[in-house]
Amino acid sequence: MPELPEVETLVRGLTPRLTERRINGITVLWPPTVYKQTSVYRDILSGTAIRRVFRRGKYICLVLDSGWTLSIHLRMTGKLLFQLSPELMPFLRVSLQLAEQTVYFVDVRKFGRMKLWPPGAQILPDLGPDALDTPAVRKALKQTSSSRAIKCLLLDQHVIAGIGNIYADESLFAARISPITPAFSLSSHQAARLARAIHAVLQAAIAHSGTSLKDYRTADGDSGRFQHRLQVYGRAGKPCYACGTPIERVRLQQRSCHFCPSCQRGRNRNSR
DNA sequence: AACAGCACCTGTAGGC
DNA sequence: TGCCTACAGGTGCTGT
C-alpha cells in the first residue's frame with residue numbers, strides 16, 4: 001500500500017502520540033510479522049520508552065530508550081491504528097500496549113514485518129539513499145551502469161529507498177522519460193531532471209497526505225488526497241493531461257506501468 | 001553478480 | 001447468484 005509519502009504522513013501523525021510513551025507489552029497474533037521471536041520481542045520492548053520516531057524509505061522506525069530500534073514495514077496492506085473497529089479485528093496481527101493507549105498493527109495480506117535492531121547496529125543496511133535526498137538520487141542515477149529499465153531501477157530499494165509503483169510512474173512522467181529507457185543510457189541532464197521530478201512529486205504527495213487508492217489511511221484515519229492529482233497511474237486509456245494521447249499501460253517486472261507514449265518517448269529528448 | 005520470476009497472502013472486481 | 005481469473009500501493013528468495 002504505502003510508498004514514501006504515505007509513510008511520511010503516517011510518521012508525522014504518529015510522532016507526537018508515540019514520543020516519550022512507555023511500552024508495557026506486545027501481543028503477537030501472527031508470528032511471521034515479527035519473524036517468530038515473540039518472547040524476545042516481549043523481553044526487549046516491555047518497560048522501555050519510545051525516544052524518537054523517524055522514517056527511512058518506506059520503513060517506520062521507533063528508537064527506544066534501551067538503545068534498540070524497532071523497524072516497521074507496512075508492505076501492501078499494513079496499517080497502524082489507535083482504534084480497532086470490529087470489522088478489522090480478524091486482520092489484527094500485532095498490538096503494542098502503551099501506557100495510555102494501544103497501537104494496533106492491522107494487515108490483511110500478512111506481508112507487513114517488524115524487526116528489532118540492537119543498540120549500535122546499523123539499521124536497514126541494505127537500503128539506498130532516501131528518495132527525498134535529491135543530490136544522492138541524482139548521483140545514483142548518473143552513476144548506474146545497469147541495463148535494466150529505469151522504472152525497475154527506481155523500484156529497487158537498494159538503489160533509492162522510498163519509491164513504489166505509483167510514484168515511479170508519476171516521476172517518470174513528470175521528467176518526460178520513458179519507463180523502459182535503459183538506466184545507464186540516461187543523459188546527465190535526464191538524471192538531474194528525474195531526481196528533481198522525484199523530489200517534486202513526492203513533496204506534492206506529502207502536501208496532500210499521500211494517495212489513498214483503496215485503504216490507506218493517515219494516523220488520524222483520514223484518506224490522502226493525492227489520488228486526484230495522479231497524471232498517469234491508473235489512467236490507462238484516458239487522455240494525457242498534457243497532450244491528449246491515451247495513456248498506455250504495459251507489464252514491466254510483473255507490475256503495471258503507466259505512461260504517455262507521446263510525452264515520454266525513448267531517449268534524446270531535450271532537457272530543460 | 002545481476003537480474004527475472006515467482007512466492008508470500010487475502011480481498012475484490014469483472015467476465016461468463 | 002456463483003465460479004473463475006486477474007489484479008492490488010512490496011519485498012525477498014531462488015535459479016539462471
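Protein chains get the first letters and strands the later ones, always in sequence-line order, with residue 1 at the start of each.
Summarising the geometry, the separation between CZ on A/Phe91 and P on C/dA8 is reported as 20 Å, rounded to the nearest angstrom. Going from atom CG of A/Leu155 over to atom P of C/dG12 covers 14 Å, rounded to whole Å. Taking atom CE of A/Met76 as the reference point, atom P of B/dT12 lies 15 Å away to the nearest angstrom. To the nearest angstrom, C1' of B/dT10 lies 16 Å from CG of A/Leu92. Atoms CG (A/Asp156) and P (B/dA1) sit 16 Å apart, rounded to a whole Å. Rounded to an integer number of Å, the gap from A/Asn165 CG to C/dA8 C1' is 10 Å.
A close approach under 4.0 Å does occur between a side-chain nitrogen or oxygen of A/His73 and OP1 or OP2 of C/dT11. An OP1 or OP2 oxygen of B/dC8 is reached within less than 4.0 angstrom by no side-chain nitrogen or oxygen of A/Lys110. Close to B/dA4, at under 4.0 Å from its OP1 or OP2, lies no side-chain N or O of A/Gln254. For C/dA8, neither phosphate oxygen OP1 nor OP2 lies less than 4.0 angstrom from any side-chain nitrogen or oxygen of A/Arg255. Here A/Arg148 does not reach the OP1 or OP2 of B/dA1: none of its side-chain N or O atoms lies under 4.0 Å away. In this structure, A/Thr77 does not reach the B/dG11 phosphate: none of its side-chain N or O atoms is under 4.0 Å from OP1 or OP2.
The existence of a salt bridge linking A/Asp107 and A/Arg93 is excluded, since no basic side-chain nitrogen approaches an acidic carboxylate oxygen closer than 4.0 Å.
Contacts of A/Lys214 with the nucleic acid, taken as non-hydrogen atoms under 4.0 Å apart, include base atoms. As judged by a 4.0 angstrom heavy-atom cut-off over every strand, A/Arg93 is placed among residues making no nucleic acid contact.
More than 12 heavy atoms of other shown residues, nucleotides or ligands fall within 6.0 angstrom of atom CD in A/Glu87.
Checking A/Arg22, A/Arg51, A/Arg21 one by one against A/Asp65, the salt bridge (Lys or Arg N to Asp or Glu O under 4.0 Å) holds for a single residue, A/Arg51. Exactly one residue among A/Phe111, A/Tyr35, A/Tyr59 makes a ring-ring contact (aromatic ring centres under 6.0 Å, His included) with A/His73. That residue is A/Tyr59.
Stacking between A/Phe111 and the base of B/dC9 is absent under the criterion of ring centres within 5.5 Å and planes under 30 degrees.
Under the 3.5 Å distance criterion, the side-chain polar atoms of A/Glu100 are left unmatched by any main-chain donor or acceptor of A/Leu98.
Along DNA chain C, the nucleotide nearest A/Tyr35 and the nucleotide nearest A/Arg109 are compared for position; the residue whose nucleotide lies closer to the 5' end is A/Arg109.
The listed nucleotides are B/dA4, C/dG10, B/dG11; the one nearest the side chain of A/Gln253 is B/dA4. For A/Arg251, the listed nucleotide lying nearest its side chain is C/dA8; candidates were C/dA8, B/dG11, B/dC9.
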